[in-house]
Amino acid sequence: MKGGTVQISWHESKPVLSLDFHPPSSTLATAGADFDIKLWSIKPSGSQKELPTVTYLNSLSSYHSSSVNVIRFSSSGDLLASGADGGDLLIWKLHSTDAGQTWKVLKTLRSHHKDILDLQWSPDANYIISGSVDNCCIIWDVNKGTNLQTLDAHAHYVQGVAWDPLGKYVASLSSDRTCRIFINKPHKSKGIEKINYVCQEVISKAEQPLFKNSKSTRYHLFHDETLPSFFRRLSWSPDGSFLLVPAGSYKIGTGSDAVNASYIFSRNDLSRPAIQLPSASKAVVAVRFCPIYFNLRGTNSDGLFKLPYRIIFAVATLNSVFIYDTESTLPIAVIAGLHYSSITDISWSPDARYLALSSQDGFCSLVEFEDEELGTPFSLSDGKVSDTGTVGSVVAEKLKVQEDDDCMIIESVANIGTVLVESRETSTERKVAESDMIKSTGSAQSVMNDNCTNEAEEKDDKMDAEATVNVEAVVSDCMKKKEEEVDGVATQPTGSVGEAVLGCAKIEAEDKAEKRVLSSGSVKCGAEEKEEKPQLSLDGVKSGPTEETAGKQISSSNSTAIPNKPARKRITPIAIDP
């Protein structure tokens, strides 16, 4: 595994607001504040020390007259949708000519009154759902170019939308601190059945987990409008078994600070989170699933999912990316310290070879995985999963109570509970062993390839168990955690991602983080963050990097080994049929 920031002029040093891989060809499309959409060819460098080669192909300019906030290809790759400021939504179609392939505008969809922040295709590519600053979601008929339905229940900006791959639900996430789940209840008009989405769930608050004999209180699950990002990009798993939602914020106790998180909702119960995934000190702004299923490794019998395959997904905070799979409770890799400004979008290539992320600092980063590093692909011909993503079993998270001498474990009856794993950072004695240097093309940065071990002092890590229904106590076990901080990409000799951490930086909660400047010809140590000015509301204007930081990127990051040792207490999930 290797990765880093590609030092090229992506969008004339202006913020890159969205990106997406073309399904058949793995061509990368990027969109930015320069009003342009650009296409790029991504190819392996052929060297273990260099990043993939990025080559400019062509531009889809002169159509949008404002910043392009989101782009998404249809599942077949024949169509591309782009949403921009001012409410413009364009549908592009791929044409083959003697000179090669070219994209031309097929339709212009106008109903939104203000900026479009997110959009998603239906599985059959006949419809699109879009979310806007006008507080509305719109479902479009792509073939007719018409507005089929306007969902106007939100009270603030709609910053994320997602379409269920099984076609039953759509979901939206707003800065009004609610996530809404809409179910399709078709109605007939003149003998023709038309789609009709009705709000089924409004997810806003949850019960506060308090101790025995205390009164329960309700707390907000999501950030308010002060979240310093224009995007809250949520996503369904490719098999439709669960929904992953960013921008989570919750409190463990009444006197504690809020914890940033993303939430997993089981398809069997979309009324409350099934699992909470903590995300250190920064808010989660985007999540994205790898399009390929992988065979089970059988390394973790305590997983929270009961699936016949592994699903891998990425969770992007403002300054880092966590990579998870459904066979483990801890991230299998953490990427941090690559950008000066906030991350805006993430995307997987169709062959799972690359993970790309964009940032408001005007640059994009690429992570390249080796063959079968993520695992061996799961065969769809076995009949366990259809091409449309039908799932045979779903997320399992029904917990039962057991009382022990030293802890009280949760009880959840009839509803899916919530599990929180919050790992606190420990202080370590750093021992760094230099290895191969990975150099990014066209940049003055270098990243050290980690091939060493270091010893860490044992500190307290608390694993807090939390339920949304009857909670009597929250007690944690202490885990041993090894932490290693190096400048570069940490990869075990086996190349297994399960034991690899790409640039895991210590993410500080303070608004100001120190950064160590790279002196001429030397390696920058640590992924210290650029001083960041928090955005108080989303009513401002999207801004790019300052002149002082434009064109510069953090080239190295600290890496922290993720402990694989399970806690002494085990919570065994029970599969829930969809």
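Basis for what follows: all heavy atoms, side chains included, without hydrogens, waters or symmetry-related copies. Keep in mind it's a predicted model, so treat the numbers as computed, not measured.
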Residue pairs meeting salt bridge (Lys or Arg N to Asp or Glu O under 4.0 Å), one or both in residues 137-161, sequence neighbours left out, come to none

Does the Asp361 side chain pair with the main chain of Tyr340, one donor and one acceptor, at a distance under 3.5 Å? yes

Under 3.5 Å, side chain of Ser229 to main-chain N/O of Phe231, donor-acceptor pair present? yes

For the atom pair OH (Tyr354) and CD1 (Ile42), what is the distance rounded to the nearest 0.5 Å? 7.5 Å

Applying side chain to side chain donor-acceptor pair (under 3.5 Å) to Asn260 and not counting sequence neighbours gives His223

pair Leu227-Arg232: side-chain heavy atoms closer than 4.5 Å: yes

CG/Asp78 to CG/Leu94 distance, rounded to the nearest 0.5 angstrom? 6.5 Å

Is the NE2 atom of His113 crowded by more than 12 outside heavy atoms at less than 6.0 Å? no

Search all heavy atoms of Leu173 against all heavy atoms of Ala247 and return the closest pair with its distance. CD2-CB, 4.4 Å

Test item: Ser342 side-chain N/O and Leu318 main-chain N/O as donor-acceptor pair under 3.5 Å: no

Show me, pair by pair, the donor-acceptor contacts under 3.5 angstrom made by side chains of residues 16-38, not counting sequence neighbours?
residue : atom : partner : partner atom : Å
Ser18   : OG   : Ile71   : N            : 3.2
Ser18   : OG   : Arg72   : NH1          : 3.3
Ser18   : OG   : Asp345  : OD2          : 2.9
Asp20   : OD1  : Arg288  : NH2          : 2.6
Asp20   : OD1  : Ser347  : OG           : 3.4
Asp20   : OD2  : Phe73   : N            : 2.9
His22   : ND1  : Ser25   : OG           : 2.7
His22   : NE2  : Gly77   : O            : 2.7
Ser25   : OG   : Thr27   : N            : 3.3
Ser25   : OG   : Thr27   : OG1          : 3.0
Thr30   : OG1  : His11   : NE2          : 2.7
Thr30   : OG1  : Trp40   : NE1          : 2.9
Asp34   : OD1  : His11   : ND1          : 2.9
Asp34   : OD1  : Asp36   : N            : 3.3
Asp34   : OD2  : His11   : ND1          : 3.1
Asp36   : OD1  : Ser59   : OG           : 2.6
Asp36   : OD1  : Ser61   : N            : 3.3
Asp36   : OD2  : Ser59   : OG           : 2.5
Lys38   : NZ   : Trp10   : O            : 3.2

Testing the basics here: between Asp351 and Ser349, what is the closest heavy-atom pair and its distance to 0.1 Å? OD1-OG, 2.7 Å

For Tyr157 and Glu225, what are the C-alpha separation, side-chain angles and deciding distance, and is it a side chain to side chain contact (heavy atoms under 4.5 Å, CB included)? CA-CA 8 Å; Tyr157 305 161; Glu225 70 276 4; over 6 Å; no

Taking all atoms of both residues into account, what is the closest heavy-atom pair of Leu374 and Trp348, and its distance? CD1-CZ3, 4.1 Å

Interatomic spacing from CG in Leu119 to OG in Ser82 - rounded to 0.5 Å: 8.0 Å

How close do Ala125 and Trp121 get, counting heavy atoms only, and between which atoms? O-CZ3, 3.5 Å

Sequence-distant partners of Ser132, side chain to side chain donor-acceptor pair (under 3.5 Å), two or more places apart: Asp134

Donor-acceptor pair, side chain of Tyr263 and main chain of Leu221, under 3.5 angstrom: yes

Set out, in order, the CA-CA distance, both residues' side-chain angles and the distance that settles side chain to side chain contact (heavy atoms under 4.5 Å, CB included) for Asn69 and Ile116, then state yes or no. CA-CA 7 Å; Asn69 299 318; Ile116 295 174; 5.5 Å; no

Going by ring-ring contact (aromatic ring centres under 6.0 Å, His included), name the residues that satisfy it together with Tyr63, two or more places apart in sequence or in a different chain. Trp92

Return all side-chain donor-acceptor pairs below 3.5 angstrom for residues 181-205, not counting sequence neighbours, or 'none' if the list is empty.
residue : atom : partner : partner atom : Å
Asn184  : OD1  : Asn196  : N            : 2.9
Asn196  : ND2  : Lys185  : O            : 3.3

So, taking the atom named CG in Asp176 and the one named CZ in Phe222, what distance separates them when rounded to the nearest 0.5 Å? 10.0 Å

Within this structure, what is the CG-OG distance for the pair Leu109 and Ser130, rounded to the nearest 0.5 Å? 8.0 Å

Could you check whether any side-chain N or O of Ser67 sits under 3.5 Å from a backbone N or O of Asp85, counting only pairs where one atom can act as donor and the other as acceptor? no

Any heavy-atom pair between the side chains of Thr344 and Phe230 that's under 4.5 Å? no

Provide the closest heavy-atom pair for Leu234 versus Gly160 in the form atom of the first, atom of the second, distance. CD2-C, 3.2 Å

Could you pull out all residues at least two apart from Ser235 that satisfy side chain to side chain donor-acceptor pair (under 3.5 Å)? none

Counting distance only, does the side-chain N/O of Asp115 pair as donor-acceptor with the main-chain N or O of Gly86 below 3.5 Å? yes

Pairwise salt bridge (Lys or Arg N to Asp or Glu O under 4.0 Å) hits with a residue in residues 56-70, at least two apart: none

Sequence neighbours left out, what passes side chain to side chain contact (heavy atoms under 4.5 Å, CB included) with Ala153? Give chain and number order. Arg180

The single option from Phe265, Tyr324, Phe305 passing ring pair (Phe, Tyr, Trp, His ring centres under 6.0 Å) against Phe242: Phe305

Distance-only polar pair, side chains of Asp224 and Thr226, donor-acceptor under 3.5 Å: yes

Measure the spacing between CG of Asn143 and CG of Leu106 and express it to the nearest 0.5 Å. 9.0 Å

Would you please say whether a donor-acceptor pair under 3.5 Å links the side chains of Asp239 and Tyr309? yes

Under the rule for side chain to side chain contact (heavy atoms under 4.5 Å, CB included), what residues qualify as partners of Lys43, not counting sequence neighbours? Ser41

Under the criterion side chain to side chain contact (heavy atoms under 4.5 Å, CB included), I'd like the reasoning laid out for Val170 against Tyr127: C-alpha separation, chi angles, the key distance, then a yes or no. CA-CA 11 Å; Val170 294; Tyr127 307 99; over 6 Å; no

For the pair Val367 and Val321, evaluate side chain to side chain contact (heavy atoms under 4.5 Å, CB included) and give the outcome as yes or no after the intermediate values. CA-CA 11 Å; Val367 180; Val321 176; over 6 Å; no

Who passes side chain to side chain contact (heavy atoms under 4.5 Å, CB included) against Ala286, sequence neighbours left out? Arg233, Ala316, Ile346

Contacts of Val158 meeting side chain to side chain contact (heavy atoms under 4.5 Å, CB included) (sequence neighbours excluded), chain-then-number -> Cys137, His154, Val161, Ser172

Under a 3.5 Å cutoff, is there a donor and acceptor pairing between the side chains of Thr317 and Asn319? yes

Restricting to non-hydrogen atoms, name the atom on Ile128 and the atom on Ala81 that form the minimum distance, rounded to 0.1 Å. CD1-CB, 3.7 Å

With a 4.5 Å cut-off on side-chain heavy atoms, are Ile343 and Leu338 touching? no

Donor-acceptor pair, Glu373 side chain versus Met1 backbone, under 3.5 Å? yes

So do the side chains of Asn126 and Val142 get within less than 4.5 Å of each other, counting heavy atoms only? no

